[in-house]
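Here is the structure we will look at, set down as structure tokens.
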Amino acid sequence: MSDARNPFSLIPAVDKVLLELGKCSDLAPLPRPLITQLVREEVEALRESVKAGNHEVPEFSAFVSGLIKKADTLFRSRIHPVINGTGVCIHTNLGRSPLRAEVISAISGVGQYYNNIELNLDSGERGRRGGFLEHCLASLCEAEAATVTNNCAAALILMLKHLANGERNEVIISRGELVEIGGGFRVPEIMEASGAKLVEVGATNKTSLEDYKNAITPQTGMLLKVHRSNFWMDGFVDEPTTEELVALGKEHDLPVVEDLGSGAMIATERLASIQHEPTAAEVLKRGVDLVCVSGDKLFGGPQAGIIAGRPDLVAGIKREPFFRALRCDKMILTGMQETVLEYLHADGIRTPDIPLLRLLSADLERDLRPRGNALLSALKECPGFEVDLVESVARCGGGTMPKAEIPSLALNFKPTSMSVARMAELLRKCSYPIMGYVVEDRFRIDLRTVFPEQDAEVSKNLVAIC
Ligand SMILES: *Cc1c(COP(=O)(O)O)cnc(C)c1O
């Protein structure tokens with residue numbers, strides 16, 4: 001049939017490959033158009049490589065196995081649940097804050113059916129979108145007004161657009177705060193993208209009130225403070241207090257805005273052996289006009305940005321044409337609403353039942369050790385590795401509280417029949433993937449970020465990869 005001397009004749013036909021794949025029970029359950037596209041691309045790539053002079057055309061069966069692997073890789077790249085064994089509580093690659101079951105079920109009810117998102121049920125007329133949530137957020141932040149946006153980056157852009165534009169588009173910021181928050185988010189770039197003109201003052205480590213004062217011109221629109229949420233400075237450092245900056249702003253009739261980012265709403269030092277992270281309410285008490293924080297960092301909700309502060313400014317921001325482009329949808333608004341309601345119900349008397357706060361406040365001996373011991377006995381007989389429990393360090397993550405080291409407990413593996421990297425890879429490729437980390441040729445799964453109800457899945461996967 002095929003001419004062995006002509007490699008082109010060895011290139012399989014798309015239909016033939018599709019027919020063969022149809023018989024494979026281990027083909028990833030991808031929709032047919034995706035499989036067909038994958039096959040076409042692979043056949044085409046093979047043809048190109050033969051054209052380029054490659055005469056090593058794979059056997060048909062090897063070609064099909066290669067496709068099954070590729071389909072598997074594509075399937076595993078869809079968004080699906082992952083077990084977080086990294087010990088990093090707010091892991092941006094793993095979706096930041098997990099949401100509580102009650103929040104998810106509220107979202108599911110609202111998403112599945114119609115809802116009153118823009119309906120006033122008393123009058124039957126059009127209602128204010130997210131009005132109740134704004135009311136609750138203002139109460140939680142002890143602010144006169146609040147609103148929500150797509151994320152904290154959007155909140156910052158909106159505040160800049162509203163307060164620094166036209167003739168007064170200059171924003172004064174300390175050089176010590178021109179920071180990069182995370183992948184693709186640099187404060188100076190965001191500021192310029194919003195049309196504001198950056199006026200940098202001071203030095204990286206020292207900025208004085210005089211520096212701010214000397215930079216004020218008739219073109220100044222606002223004074224901006226950016227919280228150093230993801231790094232700290234030590235040594236020869238100084239900056240004016242927020243109160244001093246607020247007084248300077250008042251003197252010159254300029255709004256003072258703080259991008260707080262991290263989003264703590266309760267005293268973090270009461271959760272774990274970590275320092276105090278400023279809350280939105282505290283920052284507003286110091287007199288800043290507006291503050292913005294992230295919804296999915298220490299707040300423990302879905303991706304969103306919270307803006308709180310002066311009612312005239314919040315109302316003005318909501319009238320910005322850009323606000324429409326950066327607003328949240330019904331599911332996020334519901335997730336935020338249920339999360340903030342839990343904070344308000346807890347009322348400072350108990351720790352709100354928010355998964356992230358539960359992870360941070362779990363007690364090593366009382367909560368983690370018994371689970372660790374149970375996992376150890378379940379895994380003792382596994383042939384592929386030696387395992388023990390070690391004390392570890394968990395982190396807040398998500399660019400918050402970089403100094404905080406939370407004592408934790410980790411399963412510590414020494415694989416006996418494969419490399420540590422291979423073990424990590426196999427666990428990532430499970431149908432319920434596990435992300436751990438490697439230290440000194442050991443693979444670790446930190447128990448602080450694994451939910452107790454996932455323990456059974458962890459041991460099942462570990463047994464399976466042996
Ligand atoms: C994280 C962070 C942001 C960005 O928040 P997103 O919600 O991810 O957009 C902005 N500013 C500060 C200070 C932050 O820590």
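Each ligand, and each atom within it, is numbered from 1 in the order the structure gives.
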With a 3.5 Å distance limit and no angle check, can you tell me whether His80 reaches the backbone of Arg78 through a side-chain donor-acceptor pair? yes
Going by atom types only, do Ser408 and Glu391 share a side-chain donor-acceptor pair under 3.5 Å? no
Centre-to-centre under 6.0 Å for Phe385 and Phe443, is that the case here? no
Short side-chain donor-acceptor distance under 3.5 Å, Thr400 and Ser262: no
I need the contact residues for ligand 1: any residue with a non-hydrogen atom closer than 4.0 Å to the ligand, ordered by chain then number. Arg96, Asn151, Cys152, Ala153, Ile181, Phe185, His227, Ser229, Asp259, Leu260, Gly261, Ser294, Lys297
Does one side chain, of Asp211 or Ser208, offer a donor that lies under 3.5 Å from an acceptor on the other? yes
By ring pair (Phe, Tyr, Trp, His ring centres under 6.0 Å) - contacts of Phe323 (at least two apart): none
